[in-house]
Enquirer: 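This is the structure I want to talk about, given as structure tokens.
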Amino acid sequence: MYQVPSQYYLRLHHPRPRFKREIEEVLIYIASEITAIGRLPKQEFKRALNSAIRRYPGNLGSKQKTIDNWRTEIDALFGFIVEDGDFSVPSNRAVELATNQDLVKFFKLFCYHFQYPGGFVKPNMNLEFLQYGVNFKPVHYILKMLSCAEESEGQRAGINKAEATHCIFNDLRVTRDNRPVQDTWSLIMQNRRTNVEYDWDGDTTRYAGDILDYAVQANLLVKRPNGYYYINHVEDLAIQRFLNAEPDDHFDYYSRLPDISNVTLEDVKALDMEWVRYFNTERDESFFDTDILALATDTEEQYQELKSLITNLDEIIEEGLESTGSIGSVGESLIINHERVRISDEGRPDLKHLIKLIPAAYSVGYDINSVEVDEKKRLIEVKTTASSKPLDFRRFHLTPNEWAAADTFGSRYYVYRLMVTKGSLRLRLIPDPVAQYKAGNLTATPRNGMDIIFDPDKCGYEVELLR
DNA sequence: GCTACCCGTGCC
DNA sequence: GGCACGGGTAGC
């Protein structure tokens, strides 16, 4: 059984995700609720969030202890709440996730900022990390190691949970001394050649395993059925951001501590508050834009096929797009193409030119002007969600503008719910949301517009995205 | 006694 | 054997 030499052994730790089965649903739900709560005095914020967690499906009968644990642990791990004096405030990452519903981008940013030491553990444990001199960004290290390994071996290089645990996470030669990635890879390869066994106990490997799984959610790694994680080369652009990250782009506890040789719990606690701010550093909107075409396709050919569809549209709709790479914009482009194919298939290719993107600046309450075969208008609001895992997401938000437009235009108004997951694009059409609300087919909670939850059995219908 | 990550335990 | 409930426990 492989053992890290005892003088180098330190178990790294972070809060367990208590929602791994439904991580996407829970995260978007919590981020949306936190965003909706907004800036409130700490106690009121806590109460409002607790009641939101209680309303999450399945939590009605949970103990209060469990509700409290959800609130504090999800926030600790994902940095959703920033403390500002006596107030609690939704963090940048929470607001972005609630607004864009781009889980892939969210996890890229999570992986990019995640580090040990970090404010997600209790101060006494963080103090221990600091006394050991831990200074470690796990996703950066793993991506760097796997790309070096690929380069030197000329083939795909993978790693499993146990190797990541025992050769990387729990070894101070890596987490403190930043052992060269080539040396770590050599150790892993040597262990494979000599059939060294690892402790696979669930509670031992779960922490490194969690991080690998988050990197999969970020679409940076892919997990094969053999349990090995490999670099996902459709994301090379994002991976370069990790490989070329500035060394000072991390939260440096050490330089901020008054006295490194005599760190107190007080010092650590004060810095943990600052840590949340680092974790929520403002990034360029395009810093990690999700390439939803890359996410939705399995091969380069499929990718190029979709890409060319959109590129051909670019000149026509260019001026209307806010930022060409964002998931919302790509979603809108896909829907414009879908609508043009639809109207042609229905026998009126002459109407194709009427299908247009409305520039966001006009704030008309929908994204796309489309048409029916009888030349009546069809007004389309596109709601796109991106996630690595299959997602059956029944929630979306309509702004006051959008809800008002839906009310005004009635059956002419459609929500196109586009769900992008690994290897697939799914599209659900929800006509006339206001009428559906009145008919009880969906619930709409007023909150800066309407939070919608629809019943897929009664509300709308799924169609194939036309290409 | 209260808070909030920590983590034993048992379920699926 | 992965995962989440809710009691554990350290710090105040």
Side-chain angles (χ1 to χ4, degrees), chain A residues 10-27 29-30 34 41-50 52-83 86 88 91 110 114-131 134 160-166 169-170 197-217 223-229 253 263-273 275-276 279 388-389:
Chain A
L10 180 71
R11 186 197 72 151
L12 290 192
H13 177 269
H14 54 257
R16 298 174 181 173
R18 48 181 57 245
F19 35 71
K20 219 171 169 179
R21 284 193 195 106
E22 309 188 290
I23 190 160
E24 298 91 348
E25 282 87 349
V26 173
L27 281 181
Y29 180 82
I30 300 287
I34 286 176
K42 283 183 184 175
Q43 285 305 315
E44 285 178 50
F45 191 101
K46 193 193 278 190
R47 242 174 296 144
L49 184 50
N50 270 5
I53 294 169
R54 176 70 70 191
R55 274 184 272 119
Y56 186 81
N59 281 355
L60 211 61
S62 296
K63 296 263 195 228
Q64 187 55 41
K65 194 75 162 67
T66 302
I67 302 294
D68 286 331
N69 289 347
W70 272 51
R71 172 175 50 79
T72 55
E73 288 175 359
I74 294 173
D75 165 49
L77 187 56
F78 294 101
F80 278 163
I81 304 168
V82 181
E83 306 299 333
D86 295 332
S88 295
S91 75
F110 173 86
F114 190 81
Q115 64 168 62
Y116 307 89
F120 42 82
V121 288
K122 285 200 149 189
N124 59 331
M125 193 174 281
N126 224 10
L127 177 62
E128 195 186 350
F129 292 168
L130 287 162
Q131 286 166 339
V134 169
N160 65 34
K161 287 184 183 186
E163 291 167 342
T165 300
H166 301 287
F169 276 71
N170 289 355
E197 293 196 2
Y198 293 103
D199 177 1
W200 271 90
D201 180 74
D203 280 336
T204 306
T205 57
R206 68 183 307 154
Y207 299 100
D210 282 350
I211 300 298
L212 289 168
D213 289 338
Y214 296 144
V216 172
Q217 298 275 6
K223 186 181 186 182
R224 300 247 182 98
N226 62 5
Y228 282 78
Y229 296 75
Y253 277 85
V263 189
T264 67
L265 265 183
E266 290 304 311
D267 301 335
V268 179
K269 256 188 295 184
L271 284 178
D272 284 350
M273 306 265 285
W275 148 263
V276 181
F279 202 71
S388 290
K389 284 197 205 157

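All values derive from a computational prediction rather than experimental measurement. Numbers restart at 1 for each chain; the letters A, B, ... are given by sequence-line order, proteins then strands.
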Enquirer: Return the set of residues passing ring pair (Phe, Tyr, Trp, His ring centres under 6.0 Å) with A:Tyr198 (not counting sequence neighbours), or none when no residue passes.
Expert: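 With neighbours one apart ignored, the set is A:Tyr2, A:His166.
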
Enquirer: Please compare A:Arg21 and A:Asp68 by the position of their nearest nucleotide in DNA chain B and report the one closer to 5'.
Expert: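 Final value for this comparison: A:Asp68.
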
Enquirer: At a heavy-atom distance below 4.0 Å, which nucleotide of DNA chain B is the first touched by chain A, and which is the last?
Expert: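 It runs B:dA4 to B:dG8.
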
Enquirer: Both A:Arg16 and A:Asp75 contact DNA chain B. Which one's nearest nucleotide lies toward the 5' end?
Expert: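 The residue mapped nearer the 5' terminus is A:Asp75.
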
Enquirer: On DNA chain C, reading 5' to 3', which nucleotide is the first and which the last to sit with an atom under 4.0 Å from a heavy atom of chain A, could you check?
Expert: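 The contact span of chain A on DNA chain C goes from C:dG2 to C:dC12.
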
Enquirer: Which residues pass the side chain to side chain donor-acceptor pair (under 3.5 Å) test with A:Glu83, not counting sequence neighbours?
Expert: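 Applying side chain to side chain donor-acceptor pair (under 3.5 Å) to A:Glu83 gives A:Ser88.
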
Enquirer: For A:Asp86, check salt bridge (Lys or Arg N to Asp or Glu O under 4.0 Å) against everything at least two apart and list the hits.
Expert: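 Partners of A:Asp86 by the salt bridge (Lys or Arg N to Asp or Glu O under 4.0 Å) criterion come out as none, since no residue qualifies.
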
Enquirer: Sequence neighbours excluded, which residues qualify as ring pair (Phe, Tyr, Trp, His ring centres under 6.0 Å) partners of A:His14?
Expert: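 A:His14 satisfies ring pair (Phe, Tyr, Trp, His ring centres under 6.0 Å) with A:Phe114, A:Tyr207 once adjacent residues are dropped.
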
Enquirer: State which residues pass salt bridge (Lys or Arg N to Asp or Glu O under 4.0 Å) with A:Lys269; sequence neighbours excluded, sorted by chain then number.
Expert: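 Testing A:Lys269 for salt bridge (Lys or Arg N to Asp or Glu O under 4.0 Å), a comparison that skips the adjacent residues, returns A:Glu266.
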
Enquirer: For A:Lys46, what residues pass the side chain to side chain contact (heavy atoms under 4.5 Å, CB included) criterion, not counting sequence neighbours?
Expert: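 Checked A:Lys46 against side chain to side chain contact (heavy atoms under 4.5 Å, CB included); matches are A:Gln43, A:Arg71.
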
Enquirer: So, using salt bridge (Lys or Arg N to Asp or Glu O under 4.0 Å) as the criterion, who are the partners of A:Glu197 when residues are at least two apart?
Expert: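 Expected list: none.
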
Enquirer: Reading DNA chain C from 5' onward, which residue's closest nucleotide shows up sooner: A:Gly61 or A:Glu266?
Expert: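 That would be A:Gly61.
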
Enquirer: Mind checking A:Lys65 for me? I need base, sugar-phosphate or nothing, with any heavy atom below 4.0 Å counting as a touch.
Expert: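 Base contact - A:Lys65 has a heavy atom under 4.0 Å of at least one base atom.
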
Enquirer: Taking all non-hydrogen atoms of both residues, which atom of A:Phe120 and which atom of A:Pro15 are closest, and how far apart?
Expert: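 Minimum heavy-atom contact is O-CG, 3.3 Å.
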
Enquirer: Near DNA chain C, under 4.0 Å by heavy atom, which residues of residues 119-126 of chain A?
Expert: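 Going residue by residue through residues 119-126 of chain A, the ones with a heavy atom under 4.0 Å of DNA chain C turn out to be A:Lys122, A:Asn124.
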
Enquirer: With A:Tyr229, which residues qualify under ring pair (Phe, Tyr, Trp, His ring centres under 6.0 Å), at least two apart?
Expert: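 Listed in chain order: nothing, the list is empty.
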
Enquirer: Do A:Lys20 and A:Asp210 meet the salt-bridge criterion of a basic N to acidic O distance under 4.0 Å?
Expert: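 A:Lys20 and A:Asp210: salt-bridged.
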
Enquirer: Classify the nucleic acid contact of A:Lys46 as base, sugar-phosphate or nothing, counting any heavy atom under 4.0 Å across all strands shown.
Expert: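 Since only primed, P, OP1 and OP2 atoms lie under 4.0 Å of A:Lys46, the category is sugar-phosphate.
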
Enquirer: Of A:Asp203 and A:Lys269, whose nearest nucleotide on DNA chain C comes first from the 5' end?
Expert: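 Whichever sits nearer the 5' end wins; that is A:Asp203.
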
Enquirer: Got a sec, which residues hit ring pair (Phe, Tyr, Trp, His ring centres under 6.0 Å) with A:Trp70, two or more places apart in sequence or on another chain?
Expert: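 Only A:Tyr56 meet the ring pair (Phe, Tyr, Trp, His ring centres under 6.0 Å) criterion with A:Trp70.
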
